[in-house]
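Some notes on the structure that comes next.
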Amino acid sequence: MKTSGAILEFTHQRNSDIMRVFRHHLSSQPHIFLPDILVLVAKSPASRFWVSEERAAIVISALIAGRPLPPMRDNKKEMFAEILRRYLEIKDSRPGESLANIVADIVNQPAPRFYLTPRTIGTIINRINNGFYGK
């Protein structure tokens, strides 16, 4: 589990993806009402699943084995359920390949949404704009 304030290896990529989608929605709306824009961003497709390959492999392995997972928010549960669905869909077509390799490929595929709340998206955008993540 990551510690509070930890910045993951792909944070800058995730932030760029969020800002790309945020700017797109800002420019496409006739009226700007930030809460609505944040909802649109949260529901927009993401360039990948924003979870590390290692963490995804651990969670998917636990789900397949029927082990209980640590408590997690609904968005995370939905994200891992989508990764598991994709894994089960393609694993038979890749016999002999490890779960970790298949899950790594899945995690790097486009995701149907960001799996973050609008509030979290807003916090990330504020932090980006205030230089929290550095250059």
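For the single chain, residues carry numbers from 1 onward in sequence order. As a basis for the values below, the full set of heavy atoms in this structure was taken, side chains included, without hydrogen atoms, waters or symmetry mates.
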*Over all heavy atoms of both residues, which pair between A100 and A57 is shortest? Give the atoms and the distance, please.*
CA-CB, 4.2 Å

*Rounded to the nearest 0.5 Å, how far apart are CG of L26 and CE of M19?*
8.0 Å

*Which pairs with one or both residues in residues 117-126 pass side chain to side chain donor-acceptor pair (under 3.5 Å), sequence neighbours excluded?*
T117-T120

*Give a yes or no answer on whether the side chain of S61 reaches the backbone of I58 with a donor-acceptor pair at less than 3.5 Å.*
no

*Would you say the side chain of I124 lies within less than 4.5 Å of the side chain of R14, judging by non-hydrogen atoms?*
yes

*Find out if a path of hydrophobic residues (ILVMFWY) with successive side-chain heavy-atom gaps under 4.5 Å connects V59 to L84.*
yes

_Minimal non-hydrogen separation, A56 against V103, with atom names_ = CB-CG1, 3.5 Å

_If you compare all heavy atoms of F49 against all heavy atoms of P112, which two are closest, and at what distance to 0.1 Å?_
CZ-CD, 4.0 Å

_CZ-OG1 distance between F132 and T11, expressed to the nearest 0.5 angstrom_ = 9.5 Å

*Gap separating the CD1 atom of I125 from the CG atom of L34, nearest 0.5 angstrom*: 7.0 Å

_Gap separating the CZ atom of R85 from the CD atom of E78, nearest 0.5 angstrom_ = 13.5 Å

_I want to check something: taking the side chain as every heavy atom from C-beta on, are R94 and D105 in contact at a cut-off of under 4.5 Å?_
yes

_Closest heavy-atom pair and its distance - S44, H25_ = OG-NE2, 2.7 Å

*Atom of N75, atom of L116 and distance for their closest heavy-atom approach*: ND2-C, 3.5 Å

_Could you report the tightest heavy-atom contact between L99 and I64, atom names first, then the distance?_
CD1-CD1, 3.6 Å

*Pairs in or reaching into residues 19-46: which pass salt bridge (charged side-chain N to carboxylate O under 4.0 Å, His left out), with residues at least two apart or in two chains?*
D17-R20

_Please tell me whether F10 and W50 form a close aromatic pair, meaning their ring centres lie under 6.0 Å apart._
yes

*Close side-chain approach of M79 to K76, heavy-atom, < 4.5 Å*: yes

*Give a yes or no on whether I106 and Y115 share a hydrophobic cluster (residues Ile, Leu, Val, Met, Phe, Trp, Tyr; joining criterion: side-chain heavy atoms under 4.5 Å apart).*
yes

*Interatomic distance, F80 atom CZ to Y87 atom OH [nearest 0.5 angstrom]*: 15.5 Å

*asked:* Quiz question: by atom type and distance under 3.5 Å, do the side chains of Q109 and R48 form a donor-acceptor pair?
replied: no

_Using 0.5 Å steps for rounding, measure from the CD1 atom of I102 to the CD1 atom of I90._
5.5 Å

